[in-house]
Enquirer: 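Sharing a structure, written as structure tokens. Questions coming.
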Amino acid sequence: MKEIFLLMFSAIFIENFIFARFYGCCPFLGVSEKPDTALGMGMAVTFVMTVSSAATWTVYEYLLLPFGLQYLKTIAFILVIAGLVQFIEMFLKKFVPALYSSLGIFLPLITTNCAVLGAALTNIQNGYNFAESVAFGFSAALGFTMAIVIFAGVRARLRLASPPKPFKGMPIALLTAGLIAMAFMGFSGMRIA
């Protein structure tokens with residue numbers, strides 16, 4: 001249990017997909033205008049990343065490995081992730097239409113979000129078992145959600161600021177994201193054994 005907790009802490013803070021690995025920057029920058037939308041995107045990514053970590057591990061261990069088809073893992077993982085995203089898109093469209101419309105084009109882009117695929121591939125690369133894979137996928141998604149919500153809060157505050165004209169809009173957002181990433185680099189010196 002201690003190993004799972006340390007793996008989760010590491011995935012959230014030390015190896016944060018946004019601030020340490022720079023995975024998933026497209027939705028990070030695109031959906032972080034409002035904290036509500038950012039939280040909705042984070043929850044959708046958390047669901048997809050957790051379930052896809054379990055599903056891709058199962059597909060790899062019980063389908064690809066026994067038949068010597070490891071070289072197809074990226075294609076197989078993308079198909080699993082695309083199916084999950086289609087499911088969540090139909091669910092949100094039917095039960096939470098406001099969130100569905102606010103996420104817009106970024107919801108189908110979860111399929112190609114490199115953070116989701118990166119979690120699935122990292123699970124296989126690091127040789128995680130099923131429980132570790134699910135814990136890592138969930139934790140990496142929590143780290144993603146934390147990053148996007150923090151950034152949305154900062155961007156909401158930036159709307160009240162008056163930066164110099166060349167920094168208005170996306171330049172100040174990118175500068176702020178870089179400063180937050182530098183703050184998260186403080187966790188990179190931690191060693192969890």
Side-chain angles (χ1 to χ4, degrees), residues 1-28 38-89 91 106-151 180-181 183-193:
M1 191 64 183
K2 179 183 170 187
E3 293 82 19
I4 297 285
F5 175 73
L6 294 175
L7 176 70
M8 292 176 76
F9 181 84
S10 176
I12 293 170
F13 294 106
I14 300 170
E15 297 177 29
N16 185 285
F17 271 27
I18 292 289
F19 295 133
R21 293 187 177 195
F22 306 109
Y23 292 167
C25 288
C26 178
F28 172 72
L39 183 61
M41 175 59 113
M43 290 177 6
V45 168
T46 299
F47 175 78
V48 170
M49 200 179 293
T50 304
V51 175
S52 71
S53 290
T56 55
W57 185 90
T58 305
V59 165
Y60 186 79
E61 288 293 321
Y62 295 109
L63 189 64
L64 299 179
L65 260 181
F67 296 107
L69 300 172
Q70 298 93 319
Y71 59 92
L72 293 176
K73 71 179 174 246
T74 304
I75 294 170
F77 292 178
I78 289 173
L79 290 174
V80 169
I81 293 165
L84 289 170
V85 170
Q86 287 299 313
F87 170 75
I88 199 166
E89 190 172 4
F91 176 83
F106 293 99
L107 186 58
L109 286 178
I110 294 175
T111 302
T112 57
N113 185 346
C114 59
V116 179
L117 182 60
L121 292 172
T122 300
N123 289 332
I124 301 305
Q125 180 183 355
N126 292 344
Y128 293 149
N129 61 33
F130 182 78
E132 291 170 334
S133 294
V134 173
F136 180 79
F138 178 72
S139 304
L142 282 182
F144 177 88
T145 302
M146 179 186 64
I148 198 169
V149 169
I150 288 171
F151 190 57
I180 296 170
F184 265 77
M185 288 179 66
F187 290 112
S188 68
M190 296 178 75
R191 286 268 194 263
I192 296 181

Enquirer: Kindly compute the distance separating CZ (Phe67) from CG (Leu72), expressed to the nearest 0.5 Å.
Expert: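 Answer rounded to 0.5 Å: 12.5 Å.
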
Enquirer: Under the side chain to side chain donor-acceptor pair (under 3.5 Å) test, which residues partner Asn123, sequence neighbours left out?
Expert: Ser53

Enquirer: Mind checking what makes ring-ring contact (aromatic ring centres under 6.0 Å, His included) contact with Phe130, not counting sequence neighbours?
Expert: Trp57

Enquirer: Determine which pairs satisfy salt bridge (charged side-chain N to carboxylate O under 4.0 Å, His left out) with at least one residue from residues 115-140, sequence neighbours left out, and list them in order.
Expert: none

Enquirer: Among residues at least two apart in sequence or on other chains, which ones pass side chain to side chain donor-acceptor pair (under 3.5 Å) with Tyr60?
Expert: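 Result, side chain to side chain donor-acceptor pair (under 3.5 Å) vs Tyr60: none returned.
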
Enquirer: Please give me the minimum heavy-atom distance between Ala115 and Phe17, naming the atom from each residue.
Expert: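 Shortest heavy-atom separation between Ala115 and Phe17 comes out as O-CE2, 3.1 Å.
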
Enquirer: What pairs with Phe87 under ring-ring contact (aromatic ring centres under 6.0 Å, His included), at least two apart in sequence or on another chain?
Expert: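 Residues passing ring-ring contact (aromatic ring centres under 6.0 Å, His included) with Phe87: none at all.
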
Enquirer: Locate the shortest heavy-atom distance separating Val134 from Ala54; write the atom from each residue and the value.
Expert: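 In this case the closest contact between Val134 and Ala54 is CG2-CB, 3.7 Å.
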
Enquirer: With sequence neighbours excluded, what pairs up with Thr145 under the side chain to side chain donor-acceptor pair (under 3.5 Å) test?
Expert: Thr46

Enquirer: Using the ring-ring contact (aromatic ring centres under 6.0 Å, His included) criterion, which residues pair with Tyr128? Sequence neighbours excluded.
Expert: Phe136

Enquirer: Kindly state each residue pair satisfying side-chain hydrogen bond (donor to acceptor under 3.5 Å, both in side chains) with at least one member in residues 70-85, sequence neighbours excluded.
Expert: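 Of all non-adjacent pairs touching residues 70-85, none passes side-chain hydrogen bond (donor to acceptor under 3.5 Å, both in side chains).
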
Enquirer: Considering all heavy atoms of both residues, which atom of Cys114 and which atom of Gly24 are nearest to each other, and what is their separation?
Expert: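 Heavy-atom minimum between the residues: SG-N, 3.2 Å.
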
Enquirer: Please report the closest heavy-atom contact between Met41 and Pro27, naming both atoms and the distance.
Expert: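 The answer is CE-CB, 3.7 Å.
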
Enquirer: Quick one: side-chain hydrogen bond (donor to acceptor under 3.5 Å, both in side chains) pairs with a partner in residues 78-88, sequence neighbours left out?
Expert: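 For residues 78-88: none.
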
Enquirer: Please report the C-alpha distance between Leu117 and Ile81 in whole Å, then the side-chain angles of each, then the deciding distance to 0.1 Å, and finally whether the side-chain contact (heavy atoms from CB on, under 4.5 Å) criterion is met.
Expert: CA-CA 8 Å; Leu117 182 60; Ile81 293 165; 4.2 Å; yes

Enquirer: With rounding to the nearest 0.5 angstrom, report the CD1 to OG distance, Ile4 to Ser139.
Expert: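 The CD1 atom of Ile4 sits 8.5 Å away from the OG atom of Ser139.
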
Enquirer: For the atom pair CD1 (Ile180) and CZ (Phe19), what is the distance rounded to the nearest 0.5 Å?
Expert: 5.0 Å

Enquirer: Under the side chain to side chain donor-acceptor pair (under 3.5 Å) test, which residues partner Asn129, sequence neighbours left out?
Expert: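 Checked Asn129 against side chain to side chain donor-acceptor pair (under 3.5 Å); zero matches.
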
Enquirer: For Phe151, enumerate each residue passing the ring-ring contact (aromatic ring centres under 6.0 Å, His included) test, keeping only those at least two apart in sequence or located in another chain.
Expert: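 Scan of Phe151 (ring-ring contact (aromatic ring centres under 6.0 Å, His included), adjacent residues dropped) gives Phe28.
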
Enquirer: Would you name the heavy atoms of Ser52 and Val116 that are closest together and state the gap between them?
Expert: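 Taking every non-hydrogen atom into account, OG-CG1, 3.6 Å.
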
Enquirer: Just to verify, which of Ile124, Thr56, Val59 counts as forming a side chain to side chain contact (heavy atoms under 4.5 Å, CB included) with Leu64?
Expert: Val59

Enquirer: Identify the two heavy atoms, one from Asn16 and one from Ala147, that lie closest to each other, and give their separation to 0.1 Å.
Expert: OD1-CB, 4.1 Å

Enquirer: Ala55: which residues meet the side-chain contact (heavy atoms from CB on, under 4.5 Å) condition with it, sequence neighbours left out?
Expert: Val80

Enquirer: Has the side chain of Thr50 got a donor or acceptor atom that lies under 3.5 Å from a matching backbone atom of Phe47?
Expert: no

Enquirer: Starting at CE of Met49, measure out to CG of Leu84 and round the result to the nearest 0.5 Å.
Expert: 12.0 Å

Enquirer: More than 12 heavy atoms of other residues, nucleotides or ligands under 6.0 Å from CZ of Phe13: yes or no?
Expert: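 Counting other residues, nucleotides and ligands, CZ of Phe13 exceeds 12 neighbours.
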
Enquirer: As an exercise, state the distance from CZ of Phe144 to CD1 of Ile18, rounded to the nearest 0.5 Å.
Expert: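 One gets 4.5 Å once the value is rounded to the nearest 0.5 Å.
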
